Amino acid sequence: MSAAHTQERQMSSDGNPYRPWPARITSILDLTEKEKLFELRIIDPEIREAFQFHAGQFVEVSIFGVGEAPISISSAPSKQGFIELCVRNAGDVTGALHKKRCGDVVGLRGPLGRGFPFEAMKGNDVLLVAGGLGIAPLKSLINHIHDERHEFGKVTIMYGARNPSEVLFRYQFDMWRHRDDFNLMLTVDESDDAWDGEVGLVTKLFEKIDVDPDNTYGAVCGPPVMYEFVIAEMRKKNMDVDKIYMSFERRMKCGIGKCGHCGVGHQYACIDGPVFSYWEAMNLQGAI
Ligand SMILES: Cc1cc2nc3c(=O)[nH]c(=O)nc-3n(C[C@H](O)[C@H](O)[C@H](O)COP(=O)(O)OP(=O)(O)OC[C@H]3O[C@@H](n4cnc5c(N)ncnc54)[C@H](O)[C@@H]3O)c2cc1C
Ligand code: FES
């Protein structure tokens, strides 16, 4: 079923795709100075149960009286009944969300967009590359792979942040770095005395890995400047253009293909993406 059909099916309960569902904040974790992790539960039990999503999809979060913002789902689809959102305090909506407390109610629309091709990735190695806040959607995919680890070959995670204080999900990485079925590689642009990982851009980590090009899917998410360089490294490893997937951020309003704000070439990032294959992106003007 296509993402658009999933959306129609899930939003048709009251026929209005713009109406958000009330959701309660059930946990808030400070990740860094700018980012918090929110756990949300849709209040209506039937809608909560019917809420199924794919890694890489997003929701529109609304703060009543302020507005809406698209935010990627960070938790794994295999964990049901709640979603996690990693939110940077970047402006009006996210700033208002950062002021909320546990028990407060916000609005949610979604799940929206097209996520990563999880089923197609099964049976293959996976190379996940994130920069900065780009780890938010990739964490959903990583956690989903974790929950079905036996379905995948080698799993390599490369994550770059500007400095150690900006590394997100440290608690999770501390867990994964001790496992031998995840090859976790962290790097920062500028280190401090306490940092024991790599220093340099995330692309530097490619020197340290071998890739089986016929059997590896790539997933990339980060600041726009990162894509060109990461993809160049993946192509040097002979990875197929249609096995490299990336998530794009575009300014969005409706999130459901109606307003035209999120055009990428002749497509809309909100329904045709935000996850595109590199092959698709190559054929979309202005995508990269
Ligand atoms: C698919 C998708 C997934 C995303 N996932 C996440 C996520 O997981 N976590 C997360 O924190 N963010 C995520 N974002 C980014 C988030 O949606 C934006 O930061 C959003 O703008 C925040 O809304 P706001 O009202 O808080 O900020 P805004 O008030 O919109 O301000 C955000 C920034 O944009 C600038 N700005 C505002 N309006 C304009 C304009 N018209 N032109 C240029 N600049 C402008 C502001 O000055 C500010 O720097 C995602 C975006 C997309 C499209
Ligand atoms: S956000 Fe309205 S068409 Fe994509």
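These numbers come from the heavy atoms of this one structure, side chains and all, not from hydrogens, waters or symmetry mates. These numbers were taken from a predicted model, which means no experiment stands behind them. Just so you know, ligand 1 is whichever comes first in the structure, and atom 1 is the first atom listed for that ligand.
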Check: Just which atoms of ligand 2 are under 4.0 Å from any heavy atom in G260?
Finding: 2 (Fe), 3 (S)
Checklist line | Interfacing atoms of ligand 2 (cut-off 4.0 Å, heavy-atom, G257) | finding: 3 (S)
Next item on the list: For atom 27 (O) of ligand 1, find the nearest protein heavy atom and state the residue, atom name and distance (0.1 Å precision).
Entry: G91 CA, 3.3 Å
Item checked: Closest protein heavy atom (residue, atom, distance) for atom 10 (C) of ligand 1 -> L133 CD2, 3.5 Å
Note to self: If you compare all heavy atoms of V59 against all heavy atoms of L112, which two are closest, and at what distance to 0.1 Å?
What the structure shows: C-CD1, 4.4 Å
Checklist line | Y18 versus C254, closest heavy-atom pair with distance | finding: CE2-CB, 3.9 Å
Check: Who's the nearest protein heavy-atom neighbour of atom 35 (C) of ligand 1, and how far?
Finding: R251 NH2, 3.3 Å
Checklist line | ligand 1 atoms in contact with R88 (distance to a heavy atom under 4.0 Å) | finding: 10 (C), 11 (O)
Notebook entry, point to check: Do other residues, nucleotides or ligands put more than 12 heavy atoms under 6.0 Å from the CZ atom of R162?
Noted result: no
Notebook entry, point to check: Does a salt bridge link E148 with K122, judged by any charged N lying under 4.0 Å from a carboxylate O?
Noted result: yes
Next item on the list: For atom 12 (N) of ligand 1, grab the closest protein heavy atom and report residue, atom and distance to one decimal in Å.
Entry: I71 CD1, 3.6 Å
Next item on the list: Considering only non-hydrogen protein atoms, determine which one is nearest to atom 9 (N) of ligand 1 and report residue, atom name and distance to 0.1 Å.
Entry: C86 O, 2.8 Å
Notebook entry, point to check: Parallel, tilted or perpendicular for W21 and F51, by the 30°/60° rule?
Noted result: perpendicular
Checklist line | For M252, atoms of ligand 1 separated by under 4.0 Å from a heavy atom | finding: 1 (C), 53 (C)
Notebook entry, point to check: According to the interplanar angle, ranging from 0 to 90°, do the rings of F38 and H98 count as parallel (below 30°), tilted (30 to 60°) or perpendicular (above 60°)?
Noted result: perpendicular
Checklist line | Any N, O or S atom of C270 closer than 2.8 Å to atom 4 (Fe) of ligand 2 | finding: yes
Checklist line | Proximity winner for atom 50 (C) of ligand 1, if only heavy atoms of A269, G255, P70, S247 are counted | finding: P70
Check: Looking at atom 53 (C) of ligand 1, what's its closest protein heavy atom, distance included?
Finding: R250 O, 3.1 Å
Item checked: Qualifying residue for side-chain contact (heavy atoms from CB on, under 4.5 Å) with S75, from I83, N143, L40 -> I83
Next item on the list: Working to the nearest 0.5 Å, report the span between OG1 of T156 and NZ of K208.
Entry: 13.5 Å
Check: What protein heavy atom sits nearest atom 8 (O) of ligand 1, and how far off is it?
Finding: S72 N, 3.2 Å
Margin query: Less than 4.0 Å from atom 46 (C) of ligand 1, is there any heavy atom belonging to the protein?
Written below: no
Notebook entry, point to check: Quick one: does atom 18 (C) of ligand 1 have a protein heavy atom under 4.0 Å from it?
Noted result: no
Next item on the list: Could you find the nearest protein heavy atom to atom 20 (C) of ligand 1 and give me its residue, atom name and distance?
Entry: A69 CB, 4.3 Å
Next item on the list: Output the distance between atom OH (Y217) and atom CG (N124), rounded to the nearest 0.5 Å.
Entry: 5.5 Å
Next item on the list: Considering heavy atoms of the protein only, find what lies nearest to atom 4 (Fe) of ligand 2 and give residue, atom and distance to 0.1 Å.
Entry: C262 SG, 2.2 Å
Next item on the list: Identify, by atom number and element, the atoms of ligand 2 in contact range of C259, meaning under 4.0 Å from any of its heavy atoms.
Entry: 1 (S), 2 (Fe), 3 (S)
Note to self: Is the contact between K258 and ligand 2 made by the side chain, the backbone, both, or neither, using heavy atoms and a 4.0 Å cut-off?
What the structure shows: backbone
Item checked: From the candidates A90, G95, P274, the one that places a heavy atom nearest atom 49 (O) of ligand 1 -> A90
Note to self: Looking at F169, I'd like to know if the NZ or CZ of K139 sits under 6.0 Å from its six-membered ring centre while staying within 45 degrees of the ring's axis.
What the structure shows: yes
Notebook entry, point to check: Who's closest to atom 25 (O) of ligand 1 heavy-atom-wise, of V93, V66, T94?
Noted result: V93
Notebook entry, point to check: Is it the side chain (CB and beyond), the backbone, both or neither of K253 that lies under 4.0 Å from ligand 2, heavy atoms counted?
Noted result: backbone
Check: Ring centres of F182 and F173 under 6.0 Å apart?
Finding: no
